[in-house]
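All remarks here apply to the structure that follows.
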Amino acid sequence: MNPQIRAFIEMLAAAIPPGTPKMWQLTPAQAREQGERFFAPFNAGGPEMAEVRDCLVPGRRGPIAGRLHVPRDATGSGLLYLHGGGFVVGSLSTHDRLARELAQRLGARVLSLDYALAPEHPYPEGLDDCVDAARWMAANAAELEMDPSRLLIGGDSAGASLSAATLLRLRDEGSAPLFRGAILLYGRFTVGETESLRAWGDRELILSRTQMRWFAQHYAGGATPGPYLAPAEADLRGLPPAILVVGTLDPLLSDSELFAAALRRAGVPAELHIYQDGIHAFLQMPMFDMTGDALEKIAAFAKR
């Protein structure tokens, strides 16, 4: 095993006292607090921005909180970033450093969105927020000092799924193409069993099958699976080029493989980068060499 990953797993085992409740044994509010505590150390340090500005994005149910990260060498491109967290947890704070890393490496203004979380706001409310923010960002690109012809959308985990669903919603609702590319980090693009999920068994490493069921129950409940919950099964024609990143120690490995293949079948350029021993959420962990490598690949994709 990658020695950095092994050391991290050993650190987790030593740091979590026996009997600590699992996320799926907590209330959503408690799970969010646990997530904030867990990821806080990984958000320290990192690139300094020329400007960081909290803002409110108009949405159909009211204002949506956002945070604009402006790097020192901003080039005019823009990225709408949707954080991960199983549609239930996660925030602007849990992904603050990742947003800053992307801003610096891409030279892009990054608008990170605090979309509505389940179960208080079940499907499709969080997705509605993402669609509204996408339209608003494109319509107000000049005010945000973004070039409207150089906009990207992306996210990790649930945020990658929401990015794909947002692109599909925009297309299906008749919008002109707003984004030149998509950055999709270890997303969930199916709703059923996959090869990597079956192989994962009862392991618990950032994600577990039980935790994923807990997320899905809160987010989708009894909703009938459709293209916005399972983008890999949608008609993907007309979507922009995408980069997908995932690790081999991630139960969602197959999701990225299946979605990349589906995009290519639809004629959409898709590059897939698989990191040996990469765990779920590894791009939030700046101490891994693979994190820096993945960020460089994402930057090269965005510049192309």
Checklist line | Residues Leu168, Leu236; criterion side chain to side chain contact (heavy atoms under 4.5 Å, CB included); working and verdict | finding: CA-CA 7 Å; Leu168 289 168; Leu236 302 176; 4.0 Å; yes

For the pair [X] (side chain) and [Y] (backbone), establish whether a donor and an acceptor sit closer than 3.5 Å, ignoring hydrogens and angles.
X: Asp114; Y: Ala65; result: no
X: Ser157; Y: Gly159; result: no
X: Asn140; Y: Glu143; result: no
X: Arg32; Y: Val89; result: no
X: Gln4; Y: Asp289; result: yes
X: Thr291; Y: Pro286; result: no
X: Arg97; Y: Ala44; result: yes
X: Arg188; Y: Thr190; result: yes
X: Asp255; Y: Phe189; result: yes

Next item on the list: Could I get the full list of side-chain contact (heavy atoms from CB on, under 4.5 Å) partners for Thr27, not counting sequence neighbours?
Entry: Ala29, Gln30

Next item on the list: For Pro17, check side-chain contact (heavy atoms from CB on, under 4.5 Å) against everything at least two apart and list the hits.
Entry: Thr20

Flag yes if more than 12 heavy atoms outside [X] fall under 6.0 Å of its [atom1] atom; otherwise flag no.
X: Arg61; atom1: CZ; answer: yes
X: Arg180; atom1: CZ; answer: no
X: Asp73; atom1: CG; answer: yes
X: Glu195; atom1: CD; answer: no

Taking a hydrophobic cluster as the set of Ile, Leu, Val, Met, Phe, Trp and Tyr residues connected by side-chain heavy atoms closer than 4.5 Å, whether directly or through intermediates, do [X] and [Y] fall within one such cluster?
X: Leu26; Y: Phe215; answer: no
X: Leu92; Y: Leu56; answer: no
X: Val52; Y: Leu111; answer: no

Next item on the list: Locate the shortest heavy-atom distance separating Ala260 from Ala270; write the atom from each residue and the value.
Entry: O-CB, 4.0 Å

Checklist line | Minimum heavy-atom distance between Ala108 and Pro71, given as atom pair plus value | finding: O-CD, 3.2 Å

Notebook entry, point to check: When you look at Glu173 and Arg135, which way does the salt bridge (Lys or Arg N to Asp or Glu O under 4.0 Å) test go after all the steps?
Noted result: CA-CA 11 Å; Glu173 292 171 6; Arg135 293 184 185 279; 3.0 Å; yes

Notebook entry, point to check: Can you check whether Thr210 reaches Met23 side chain to side chain, under 4.5 Å on heavy atoms?
Noted result: no

Note to self: Side chains of Leu68 and Met146, heavy atoms from C-beta outward: is any pair under 4.5 Å?
What the structure shows: yes

Check: Do the ring centers of Tyr275 and Phe282 come within less than 6.0 Å of each other?
Finding: yes

Checklist line | Pair Glu36-Thr94, side-chain donor/acceptor within less than 3.5 Å | finding: no

Margin query: Evaluate Ser77 against Leu151 for side chain to side chain contact (heavy atoms under 4.5 Å, CB included), listing each step before the verdict.
Written below: CA-CA 6 Å; Ser77 58; Leu151 301 181; over 6 Å; no

Check: Are Thr166 and Ile153 close enough, and set up right, to give a side chain to side chain contact (heavy atoms under 4.5 Å, CB included), and what steps lead you there?
Finding: CA-CA 9 Å; Thr166 297; Ile153 188 171; 3.8 Å; yes

Donor-acceptor pairs under 3.5 Å, side chain of residues 244-254 to any protein atom, not counting sequence neighbours: which ones?
residue	atom	partner	partner atom	Å
Thr248	OG1	Asp277	N	2.6
Asp250	OD1	Leu252	N	2.8
Asp250	OD1	His280	ND1	3.3
Asp250	OD2	His280	ND1	2.8
Ser254	OG	Ser196	N	2.9
Ser254	OG	Ser196	OG	3.1

Check: Got a sec, which pairs hit side chain to side chain donor-acceptor pair (under 3.5 Å) with one end in residues 216-227, sequence neighbours left out?
Finding: Trp214-His218

So does [X] pair up with [Y], basic N to acidic O under 4.0 Å?
X: Arg60; Y: Asp129; value: no
X: Arg304; Y: Glu271; value: yes
X: Arg150; Y: Glu145; value: no
X: Arg67; Y: Asp96; value: yes

Margin query: Considering only residues two or more places apart or on different chains, which pairs with a residue in residues 226-235 satisfy salt bridge (Lys or Arg N to Asp or Glu O under 4.0 Å)?
Written below: Asp235-Arg237

Next item on the list: Would you mind listing every salt bridge (Lys or Arg N to Asp or Glu O under 4.0 Å) that reaches into residues 205-216, with sequence neighbours excluded?
Entry: Glu193-Arg209

Check: Under 30°, 30 to 60°, or over 60°: which ring-plane class applies to Tyr81 and His95, parallel, tilted or perpendicular?
Finding: tilted

Next item on the list: Apply side chain to side chain contact (heavy atoms under 4.5 Å, CB included) to the pair Leu184 and Ile243, showing each step before the final yes or no.
Entry: CA-CA 6 Å; Leu184 307 175; Ile243 181 171; over 6 Å; no

Check: Could you walk me through whether Tyr115 and His121 pass the ring-ring contact (aromatic ring centres under 6.0 Å, His included) check?
Finding: CA-CA 10 Å; Tyr115 57 85; His121 301 280; over 10 Å; no

